[in-house]
Amino acid sequence: MPEVISGTVTKASGDVTKRLPIAETRNELLQLIRAHDTTILVGETGSGKSTQLPQFLLQAGMARGGCIAVTQPRRVAAISVARRVAQEMGVKLGSEVGYNVRFDDTSCPDTRIRYLTDGMLVREALVDPDLKRYKVIILDEAHERTLSTDILFAIVKHLQVRRQKDLKVIVMSATLDAAKFADFFRAGKIVHIVGRQHPVQVLYLPEPVDSYLDAVLKAVLQIHAQQPAGDILAFLTGQEEIDTLQRLIPERAGQMSGLDGPEKLVIVPIFAALPPEQQARVFEDAPAGSRKVILATNIAETSITVPGVRYVVDPGFVKARSYSSRTGADSLQVVPISKAQARQRSGRAGREGPGVAFRLYKEETFQSLPAATVPEIQRVSLTSLMLQLKQLNVQQPQNFDFMDKPSTSAMLRALELLLALGALDSEGTLTSLGRQMVRLPIEPVFAKVLLSGAELGCSQEALTIVAAASTDPIFFTPRNKQDSAAQAWKPFFSSTGDHITKLNVFKSFLEVRKPDRRRWCAERMLNFRSLKKAVDIRAQLAQHLKQLKVPMVSCGSDTAPIQRALLSGLFINAAILLPDNTYRLQASSQTVSIHPSSVLHGRKPRCIVFDELLRTTRRYARNVTAVEPSWLPEAAPMYFHGKTGNV
DNA sequence: TCTCTCATT
């Protein structure tokens, strides 16, 4: 076991008494990093590990002949940290310090400290597997265990073998997964840097509650009645719960005696799908004499830091996605959080001063929670990952050196799909089609739709559809406005289904003058942010197609080529109508229903293909297009051989 | 016969 070092980078034999900023540990820290290939750094909130450490390394000459990469799981983090460091160093952003995220690259050949998203560094590795330009690679927020961070773990570990003594790796983590990281990297040291976080008192309930929603309601009102000034942050699992409490809290507050009435509580919702102008409300101070209650999804755990919060209310649940390799379905379910997540939530009460976290469960329940959230690599479809590993010359992904191995069945399912898509040959080697697919920054099934679209004479349309499918939903339905929304969307409707309906929206969107687009979307209950992103993705994909010398062609008003292109990528999600109006998947014989958000909901086409199988209250097909049953065998002959029967 | 945690290339 490596030594655990704490505080001032001296040996910790128990308690840490000194609380020093990272600057005072500078020389000891540099010495340790020089002495080891890989260093694990545990830095608390406010320790300056992301901003100051790269500067120390640069000043110490450790980037000589190259540069320092610092990865972040989120683009906003990469951008804001780069800004701060450029300011601290007194240089212009994009000179010595820059960032590189999708659609936005401020770095230049002189850049010595590059902040990137972890996904961006994975993309770079696909082009230059040795990542030659970097002398130091720092993987920040490694405890979040995003899919890309996990890929990078394996990439940099192997890189150190190939680039003997020429690459330093520093893995930075906020929690106590450090021993696991040290074990995987056979790292010499774990360094612990103390941060500047205020103390947070953690309180538990003596007895479990029947309804956590009701418990949140009571907790908020009780804090408001009994605790000194300070805003309240409550974690809920989704939009519906937020809507419910946004309505109930003022109602109940109004009924309570001893309170000054509902005007003293300001309720502010925050979740990712909320339009940006409404999201901005969490950053505004509540009016004098009132208290702000923020009702948040887990967006407020890491992505958004709300100022002024002194009280956290944590019911202990989260809506989490998981993927079944057996059925190929994603499911979205409310599950208990992990201990690490509970600590992260509580920490949100101590950003500006001492705080209190109210955990709405028993202390024993906390002890029984899993230590950490299951890493993303074990919760998602691995099609893209397997394709990327093949590009990185990993012949047997099943035996790859993962920190946490995905299940063999999930890997095999992904490899089988790549075979059926034609990205791999029967030997498991990348085909020329597979090499084209890996260049495109989209899911492999959509890469196939795009490349088939070109052959079928509809690459223009396929580009738009694939770009739109790679963003958040374009149709935004506010509660109780379903009827007027349906009315507003009528002009775009296509009886073929959601893909071509969105294509129609996109075409109309582009015809609107740029300054008018936001308003145009608001009037039609369309998500401006998603459409704008689709425009960016489309442009980026068009660049890639140009480099791949794929022709740009349009099929005009004929939709059949588009439907066939969709089927050529999405054939594992082809389903036939049954007498009870559900659908049977051809690949697995499961039954599914068309999701209520689909324009085909209630319309009963004979045969459908769709993007995604999602299990919530039942199994739903999302983003659906109608196809001719007779097209199935030719779309994927190998796949449907013997399976289609009398279709 | 009624729904959408959060990120990313």
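Below, chain A is the first sequence line, B the second, and so on; all start at residue 1. Both backbone and side-chain heavy atoms feed into the values below; hydrogens, waters and symmetry mates do not.
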*Under 3.5 Å, is there a donor-acceptor pair between the A/Arg102 and A/Gln540 side chains?*
yes
*Is there a donor-acceptor contact under 3.5 Å linking the side chains of A/Asp611 and A/His499?*
yes
*Sequence-aligned protein contact record of nucleotides 2-7 of chain B, with B where the base is within under 4.0 Å of a protein heavy atom and S where only the sugar-phosphate is*: SBBBSB
*Rounding to a whole Å, what distance do you find between A/Ile537:CD1 and B/dT9:P?*
10 Å
*Between A/Ile377 (CD1) and B/dT8 (P), how many Å, whole number?*
18 Å
*Going by heavy atoms closer than 4.0 Å, what residues in residues 113-131 of chain A are next to DNA chain B?*
A/Thr117, A/Gly119, A/Met120, A/Arg123
Results of ring pair (Phe, Tyr, Trp, His ring centres under 6.0 Å) for [X] - residues two or more places apart only:
X	answer
A/Phe317	A/Tyr212
A/Tyr323	none
A/Phe271	none

*So, for A/Ser338 and A/Thr373, which heavy atoms are closest and what is the spacing to 0.1 Å?*
OG-OG1, 3.0 Å
*Is any NZ, NE, NH1 or NH2 atom of the basic residue among A/Asp140 and A/Lys49 found under 4.0 Å from an Asp or Glu carboxylate oxygen of the other?*
yes
*asked:* Syn or anti for B/dC6? Use the chi torsion, O4'-C1'-N9-C4 for purines and O4'-C1'-N1-C2 for pyrimidines, with syn inside 90° of 0.
replied: anti
*5' priority, DNA chain B, between A/Asn100 and A/Asn581 [closest heavy atom]*: A/Asn581
*asked:* Just to verify, what does A/Glu277 make a salt bridge (Lys or Arg N to Asp or Glu O under 4.0 Å) with, not counting sequence neighbours?
replied: none
